[in-house]
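Step one of this worksheet: look at the structure below.
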Amino acid sequence: IMSWLITATVAMGVGTAVSAYGQIQAGKAQEDALKEKARQEKIAAEGRELERQQQLAKALAANAVSLAAGNLDMEGTPASIALESTKNIGMSEGMIKMSDRLAVAQLKRQAKNARSTANLQATSTLLSGGAETAKLANKIA
């Protein structure tokens, strides 16, 4: 019975260590995946920004052509209309950029939290496994 208890104690300790190691590795993998997702989101946001700028350039060019041709169906001077359009576009662009930055920042925070959570779970596993191993070791002594 004594050798069985020793074997069980060693096995429990090894199992606890393996479990904790697995939790840490899983946390690292999740962190890496979320960081990659954040990197991809940043690239996608930059692509969307470029597309928006191209569309804005087309719209501004169309407005300039329309103003030059004298096709004014709106109230106000061409300068005031252009100024108001520019303000609205600027506000919209600012909100979109901020939203994109917040999405990337959130993914980075999730990555950091995933790693921290895994480390805490591993610590908990080691502590509870260590306590169980110590109980079993006391039976041997």
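The structure displayed is predicted, hence computed values, not measured ones. In this chain, residues are counted from 1 in sequence order.
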For [X] versus [Y], what's the shortest heavy-atom pair and its separation?
X    : Y   : result
A118 : G27 : CB-CA, 3.3 Å
G129 : T16 : CA-OG1, 3.4 Å
A122 : A20 : CB-O, 3.5 Å

If you measure from [atom1] on [X] to [atom2] on [Y], what distance do you get to the nearest 0.5 Å?
X    : Y    : atom1 : atom2 : result
R48  : S99  : CZ    : OG    : 8.0 Å
N119 : K28  : CG    : NZ    : 8.0 Å
D32  : R115 : CG    : CZ    : 7.5 Å
R109 : S116 : CZ    : OG    : 13.5 Å
Q40  : L107 : CD    : CG    : 10.0 Å
I24  : Q121 : CD1   : CD    : 10.5 Å

Carboxylate-amine/guanidinium proximity below 4.0 Å for [X] and [Y]:
X    : Y    : value
K135 : E132 : yes
K42  : E49  : no
E36  : R39  : yes

**Q.** Derivation of the side-chain contact (heavy atoms from CB on, under 4.5 Å) call for L102 and Q106
**A.** CA-CA 6 Å; L102 288 172; Q106 181 180 12; over 6 Å; no
Q. Does the T117 side chain pair with the main chain of N113, one donor and one acceptor, at a distance under 3.5 Å?
A.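 Flag set: sc T117 to bb N113 pair under 3.5 Å.
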(Q) For G15, is there any backbone N or O sitting under 3.5 Å from a side-chain donor or acceptor partner on S19? (A)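 Not at all, since once roles are kept as given, no pair shorter than 3.5 Å links the two residues.
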Q. Should Y21 and M12 be counted in the same cluster of Ile, Leu, Val, Met, Phe, Trp and Tyr side chains packed under 4.5 Å apart?
A. no
Q. Would E41 and K37 satisfy salt bridge (charged side-chain N to carboxylate O under 4.0 Å, His left out), going step by step from the backbone distance to the final call?
A. CA-CA 6 Å; E41 175 58 30; K37 189 173 179 181; over 6 Å; no
